[in-house]
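We name chains A, B, ... by the order of the sequence lines, and we start the count at 1 in each one.
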Amino acid sequence: MGGTAWEPPRPDMGEGAFWFGGSHTASRPTSDRRTTMAKKQREKKEQTYDEELYRIRHSAAHVMAQAVLEMFPEGKIAIGPPIKDGFYYDFDLPRPLTPEDLEKIEERMREIIKGKHPFIRREVTPEEARELFKDQPYKLELIEDILSRGTDEYGNPLPEGERPTLTTYKHDTFEDLCRGPHVEHTGQIPVNAFKLLNVAGAYWRGDENRPMLQRIYGTAWKSPKDLRRYLNWLEEVKKRDHRRLGKELDLFSTHPDVGAGLILWHPKAGFIRHMMESFAKEEHLKHGYVFVYTPHIGKSILWERSGHLDFYKENMYAPMDIDGQDYYVKPMNCPFHIMIYKSRIRSYRELPIRMAEWGTVYRYERAGVLHGLMRVRGFTQDDAHIFCRPDQMPEEIDKVLQFTLHILRSFGFEDFQAYLSTRPEKAVGSDEMWRDAEKALEDALQRADLPYEIDEGGGAFYGPKIDLKLKDALGRTWQCSTIQFDFNLPERFDLTYIGEDGKEHRPYMIHRALMGSMERFFGVMIEHYAGAFPVWLMPTQVRVIPIADRHNEYAAQVVEKLQAAGIRAEGDYSDDRMNAKIRKAQLEKIPYMLIVGDKEVEQGTVSLRTRTGEKQNNIPLDAFIERVHKVVAEKALI
RNA sequence: GCCGACGUAGCUCAAUCGGCAGAGCAUCCGCCUUGUAAGCGGACGGUUGUCGGUUCGAGUCCGACCGUCGGCUCCA
């Protein structure tokens, strides 16, 4: 699948973020995450922010709230912002909403919209506001926050220069605490271009200690055509869902008796993963990495020293008792790599050491967050730790970022978004180390000419990092790669090398994973390619289809020649009709089907049909072999 | 973990008010010998996720557990 011309991103991104399609995704900076944008990015975002859509969606949320309150007069309302692709509103209601309720609400919304009720803005005093919302505890909390903390109604900081004022917008019978903007009257919400999608639980203010509200998600557009396109896109997303394709293509499974979030890789996926890993490992060797292998468990003293039992314990599985000692299954590989580093004295001459391992780790993830291959409890990282001297650090960062892009591009990803996370308030390591590291990361990003955002204070306490998100064929972004400084572990484990001066020095340690985890990356690959992987990765590249069984012998000869040429080919000698064989191969997304019948036997040729529907009759086998060789060499799609 | 929904053959789904558990595909066995996405017929396949409860009787009602899905929260 090529890039879709129109690519609305998914509707589940950050709170308060407002996204609009086109090939650039964009967020309106209303979230309370401390995110500052690079200038380039900010300009891009201003261009794609669509105020008309914002108004429509924001207004649709108000109309929905009115409809819900009419249904449940005793209901409490929370917040209802526009988001990319739509809007939501959170409610505290006496009973759970059903799909039938949504239909009724939607119907009532249409009536309200047709009423063309004007949206009227007014400023209110704190006293007025408190009186107006005296039965709405969530609104009262927001009012106090706006007054005391100077935030907007979603708890986000106000734009510079804006004073905290209380404003409401009223249409028909519904008045809401709101900063706007809205459409002029409800009739400007396109009555046939919105749809309520689903109900979901959501904590008040995203805090799991606070009440669970019911959130209704809706989508709204400027025209029915846009809505139609969006709904079609949702269908396409469903078709590409890696969980569905994983089953259809017999790629992987899970089983309750094995355990949630633990993946069984079936032979086809095993083959593809093998190809991916072989390639990536070769590249690692070419790029100066050394491979290590380390155990899956380690004694508690190791995890105490690394700090994992202090800071990461809730993600670790309970220890097992071995000869009276506690052993833990590893959630990370770093302590083991460090022990290899520490196994002898290190000289400045042998740095950098780039220690890589396809390390399988296990992390406890709360049951509700598990999701196919994307979020699991056991996974294999393409992990490496780079130990280097301070003077080598900038170059190492540069190299690792280039290497990351090389690997990701090899797997067919072209669009990336980078996030640079800087020093949080509580942190280990000197100011100088942080400054140097952050500078090296940002310089590398600029040299790589990557769009990036800076997440001020978003780094871990032990070091700054770059996270790379890659964009798939549907324009959705996925976090896989991470390049992360660690100022903590070298201290904790007292890592040293002997410098030119004969004295001990502390090396820098950089943790990095390029694909991230094989599980997630494979999941992203499935969705990116909709299961039709590039030819070099496909377990079966060519299916030879004899038309009648008198052609089986010739088909077998073709298969043999292809295999001799290093192409993974097989014949379909079943007694299905040719049409059925084609359909079968097509459903398996096998790149090339070679059809052989009387004509081909006679002329010593093959007829080609690709999984994309391309047809070429009676071509010489050698020409086809040449084509496949080229496509494989280029890691092309077909 | 929390809110809500769901779990029937390998897969996709039926089964009225609580009254004998079904279809298509897949698989297997035959027949057919075929020209670019499903040829025809037959057979096999189930302790309705698990455990417990209500009932004369439970796929259907109730409870617990396991798992999945949509979100929230948290992350490769």
J.: Please work out if A/Ser607 contacts a base, only the sugar-phosphate, or nothing of the nucleic acid, heavy-atom cut-off 4.0 Å.
T.: base

J.: Hey, is A/Phe379 doing a stacking thing with B/A76, by the 5.5 Å centroid and 30° angle criteria?
T.: yes

J.: Of A/Met578 and A/Ser481, whose closest RNA chain B nucleotide lies nearer the 5' terminus?
T.: A/Met578

J.: Contact class for A/Asp467 vs. all strands (heavy atom < 4.0 Å): base, sugar-phosphate, or nothing?
T.: nothing

J.: Watson-Crick or G-U wobble partner for B/U36, using a 3.5 Å limit on both distances?
T.: none

J.: I'd like to know if A/Asp549 reaches the base of B/U33 with its side chain such that a donor and an acceptor end up less than 3.5 angstrom apart.
T.: yes

J.: From the options A/Asp383, A/Thr482, A/Ile386, select the one residue that forms a side chain to side chain contact (heavy atoms under 4.5 Å, CB included) with A/Arg512.
T.: A/Ile386

J.: Using atom C1' in both nucleotides, what's the gap between B/U68 and B/C32 to the nearest angstrom?
T.: 43 Å

J.: Return the 5'-most residue of the pair A/Thr482, A/Lys584 with respect to RNA chain B, ranking by each residue's nearest nucleotide.
T.: A/Lys584

J.: Report the residue from A/Arg273, A/Glu277, A/Glu357 that forms a side-chain hydrogen bond (donor to acceptor under 3.5 Å, both in side chains) with A/Thr380.
T.: A/Arg273

J.: For the aromatic rings, using the six-membered ring if either is Trp, is the centroid distance between A/Tyr89 and A/Phe87 under 6.0 Å?
T.: no

J.: How far apart are the C-alpha atoms of A/Phe522 and A/Phe533, what are their side-chain angles, what is the distance that settles it, and do they pass the ring pair (Phe, Tyr, Trp, His ring centres under 6.0 Å) test?
T.: CA-CA 11 Å; A/Phe522 187 57; A/Phe533 296 94; 5.7 Å; yes

J.: Between the base of B/A76 and the side chain of A/Glu365, is there a donor and acceptor pair under 3.5 angstrom?
T.: yes

J.: Assess whether one donor atom and one acceptor atom, taken from the side chain of A/Tyr88 and the base of B/G71, lie less than 3.5 Å apart.
T.: no

J.: Just call it for A/Leu587: base, sugar-phosphate, or nothing, with non-hydrogen atoms closer than 4.0 Å on any strand.
T.: base

J.: Is any side-chain heavy atom of A/Trp358 closer than 4.5 Å to one of A/Phe291?
T.: yes

J.: Using Watson-Crick or G-U wobble geometry with both distances below 3.5 Å, tell me the partner of B/C25, or none.
T.: B/G10

J.: Using OP1 and OP2 only, check whether a side-chain N or O of A/Tyr362 sits under 4.0 Å from B/A76.
T.: no

J.: Is there a side-chain polar atom (N or O) of A/Arg375 under 4.0 Å from OP1 or OP2 of B/C75?
T.: no

J.: Starting from P on B/U33, measure out to CG on A/Asn552 and report it in whole angstrom.
T.: 15 Å

J.: Assign A/Ala202 to base, sugar-phosphate, or nothing according to its heavy-atom contacts below 4.0 angstrom with the strands shown.
T.: sugar-phosphate

J.: Quick one: does any side-chain atom of A/Gln214 pair with a main-chain N or O of A/Arg95 as donor and acceptor, under 3.5 Å?
T.: yes

J.: Rounded to whole angstroms, how far apart are CH2 on A/Trp204 and P on B/C2?
T.: 22 Å

J.: So, does A/Arg512 get its side chain near the phosphate of B/A76, meaning an N or O under 4.0 Å from OP1 or OP2?
T.: no

J.: Answer yes or no: side-chain N or O of A/Arg611 and base N or O of B/A37 forming a donor-acceptor pair under 3.5 Å.
T.: no

J.: Ion pair present between A/Arg627 and A/Glu614, side-chain N to carboxylate O less than 4.0 angstrom?
T.: yes

J.: Polar pairs (N or O, both sides) under 3.5 Å between protein and nucleotides 5-13 of chain B?
T.:
residue: B/U12; atom: OP1; partner: A/Lys247; partner atom: NZ; Å: 3.4

J.: What contact category does A/Glu600 fall into here, base, sugar-phosphate, or nothing, at under 4.0 angstrom with non-hydrogen atoms?
T.: base

J.: Does the pair A/Asp598/A/Arg550 count as a salt bridge with the N-to-O cut at 4.0 Å?
T.: yes

J.: For a quick check of understanding: with a heavy-atom distance under 4.0 Å over all strands, which category does A/Tyr312 fall into, base, sugar-phosphate or nothing?
T.: nothing

J.: Tell me, for nucleotides 63-69 of chain B in 5' to 3' order, what letter each nucleotide earns: B for a base near a protein heavy atom under 4.0 Å, S for only sugar-phosphate near one, - for neither?
T.: ---SSSS

J.: Mind checking A/Val376 for me? I need base, sugar-phosphate or nothing, with any heavy atom below 4.0 Å counting as a touch.
T.: base

J.: Are A/Arg609 and B/A37 close enough that a side-chain N or O sits under 4.0 Å from OP1 or OP2?
T.: yes

J.: Check A/Pro591 against A/Gln541 and note the closest heavy-atom contact, atom names and distance.
T.: CD-O, 3.5 Å

J.: Could you please name the partner base of B/C51, counting Watson-Crick and G-U wobble pairs only when both distances are under 3.5 Å?
T.: B/G63

J.: For A/Gln479, which contact category applies under a 4.0 Å heavy-atom criterion: base, sugar-phosphate, or nothing?
T.: sugar-phosphate

J.: For A/Asp575 and B/C40, what is the distance between atoms CG and P respectively, to the nearest whole Å?
T.: 13 Å

J.: Hey, would you say the A/Phe413 and A/Phe521 ring centroids sit under 6.0 Å apart?
T.: yes

J.: Assign A/Gly368 to base, sugar-phosphate, or nothing according to its heavy-atom contacts below 4.0 angstrom with the strands shown.
T.: base

J.: Under 3.5 Å, is there a donor-acceptor pair between the side chain of A/His284 and the main chain of A/Ala280?
T.: yes

J.: Considering every strand and a 4.0 Å limit on heavy-atom distances, what is the contact class for A/Asp207: base, sugar-phosphate, or nothing?
T.: nothing

J.: What donor-acceptor contacts under 3.5 angstrom involve side-chain atoms of residues 249-260 of chain A, with partners at least two apart or in another chain?
T.:
residue: A/Asp250; atom: OD1; partner: A/His266; partner atom: ND1; Å: 2.8
residue: A/Ser253; atom: OG; partner: A/His266; partner atom: NE2; Å: 2.7
residue: A/His255; atom: ND1; partner: A/Asp257; partner atom: N; Å: 2.9

